[in-house]
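Counting starts at 1 for both ligands and their atoms, in listed order.
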Amino acid sequence: MTRNNTSADWWKQAVVYQVYPRSFYDVNGDGIGDIRGVTARMGYLKSLGIDAIWLSPFYPSPLADGGYDVADYRNVDPRLGTLEDFDAMAAAAHEAGMKVVVDIVPNHTSTEHEWFKAALAAGPGSPERDRYIFRPGRGEHGELPPNGWKSTFGGPAWERVADGEWYLHLFAVEQADLNWKNPDVHEDFKRTLRFWSDRGADGFRIDVAHALAKDLESRPLADWPDDPDEGEPGDDNPLWDRPEVHEIYREWRQVFNEYEPARFAVAEAWVVPEHQWMYASPEELGQVFNFQLSNAGWFADELRAAIEKGLAAAEQSGSTTTWVLSNHDMPRHPTRYGLPQVRSSVHHQLVTDWLLRDGTTYFEDRALGTRRARAALLMELGLPGSVYLYQGEELGLFEVADIPWGELEDPEAFMSSHGDAIKGRDGCRVPLPWAATDPSGDFGFSAPVDHERAHLPQPAWFAEHAVDAEEADAGSMLWFYRRALALRAETLTVTGDTSLEWCRGYGDQVIAYARPCAGGRTLTSVTNFGDAPVELPEGEILLASAELLGDRLPTDATAWVVR
Ligand code: GLC
């Protein structure tokens, strides 16, 4: 048990490791990772020094969107295992002192969900249809969609069914948006929250938490602009970040509080920073992902602003903030940091374009990307709040940018309306390499000698990042993660003190802050973005992300100094 995990609000200062189950470890040899794979690797997870594991969806799903198209919220996909496998996994995690967080996808169900099938069968105007958002079309015969809204993945957000009505899908066609004005929807999700809580889930990650409440009544649908920008919140936006969404989470809080300790949730809400804190309030979910760190380029001012905003939002919410560098939806950060840097206002789109557009060649400086990723990790781990890590970042994996079209799985690759061929998010979802040399050809991803091909192709360079190769190399990313996580727990988290003081005076190319640490001492974290080495404060060097130049910190490096 990590010491942090013994308290009821363990999640406020936790290190949570995201498992993307289909790509973690495959025990049964079908080329898809499974729940038993997570159990089998519990020792590895424990050895990282994390507090919790978050599993991306493992529910029955046609996999139109990597499992975020859920066909049955209270079951396990047979390809990934059984409910008993989940129970065994949760028990093993708890035994090893780790918490379990599961993903809840409340904005939409798979079109294979029994509710959606019933809605199709029951026809227009039925109570079954009212659980989703069905509308008549425009045009003489209703042949035009109700309005011009676009799906996040590209293409129209409305799909016509056989009897002529249209249903709303803000994501893939196979993901039908639920109607959160329907009481059945509320009851069913409360049941799901209790179901997994009863089975050992300690918390929840809430998918697209800002989209549930929609305004489809206050004006004719056709009057809304085609593209209600996700970044523009408020009453005037019919889809994203509407004030009523918070009523849902206040209702869920009652469910969380039925448990001892109370469950928590972390919202995935791509909303303006000024609105983020509401989702995290103690009356609602407890935490919200702060994506500003991952959105920022490798610029001291942008990263400092991201940290400042995250801390301010946490204070406003009465909770703690979260820090994220990578997840299953964005290009891996060692790749992002190894590309020419652009300002964050354009960063996300540009990086996506560079990386994912078919046929683009780009220059990725891997040594630089790795060096900065190490520096970023130490800077991130020294901060108060929870850190969410994404599987494979501890191995220093880069984005796999050259997956052939025929092997891609991500709907973003197929539905792209960007006018270009965007290859989507599969490049960060490639099955993990566990063994550098494996005659069976999948770097130890599948346990049986005879197995199906891994569901996404792994590049040859995965060998250098395989767990066994990194285990054997004291200078590896893996050992750096373990060391840094252990030090965070022993020196920072243990104090329970979440204060942070900025150390000014280093100039604008340095991010430096000081935190109270164990033994009544102070830990100073210094990150150097400038070309010239900087003097470190006096004290004991606890850890540095790169070799120091005497007692000076070189560029693109972080050091923790204690005194
Ligand atoms: C979230 C998930 C993403 C998924 C989308 C639709 O953004 O993180 O992977 O495609 O929701 O469910």
Tell me, please, which residues at least two apart from D130 pass side-chain contact (heavy atoms from CB on, under 4.5 Å).
N179, N182
When you check the side-chain N and O atoms of Y388 and Q287, is any donor under 3.5 Å from an acceptor?
yes
Are a donor atom and an acceptor atom from the side chains of T370 and Y337 found within less than 3.5 Å of each other?
no
Applying ring-ring contact (aromatic ring centres under 6.0 Å, His included) between [X] and each of [options], report the one that passes.
| X | options | answer |
| --- | --- | --- |
| W11 | F264, F256, W54 | F264 |
| Y25 | F445, F443, Y20, W434 | W434 |
| F58 | Y68, W196, Y73 | W196 |

Atom indices of ligand 1 within 4.0 angstrom of [X] heavy atoms, with elements:
| X | answer |
| --- | --- |
| H328 | 2 (C), 3 (C), 8 (O), 9 (O) |
| R429 | 9 (O) |
| F153 | 10 (O) |
| F171 | 5 (C), 6 (C) |
| H108 | 6 (C), 12 (O) |
| V208 | 11 (O) |
| R425 | 3 (C), 4 (C), 9 (O), 10 (O) |

Counting only heavy atoms, which portion of E412 has something under 4.0 Å from ligand 1: side chain, backbone, both, or neither?
neither
Which label fits Y249 and H246: parallel for a plane angle under 30°, tilted from 30 to 60°, or perpendicular past 60°?
perpendicular
Heavy-atom side-chain proximity of L80 to R22 below 4.5 angstrom
yes
the protein heavy atom lying closest to atom 10 (O) of ligand 1 turns out to be D65 OD2, 2.6 Å
In this structure, atom 7 (O) of ligand 1 is nearest to the protein heavy atom E268 OE2, 2.7 Å
Under 4.0 angstrom from ligand 1, any heavy atom of M330?
no
Nearest heavy atom to atom 11 (O) of ligand 1: which of D329, D207, V70 does it belong to?
D207
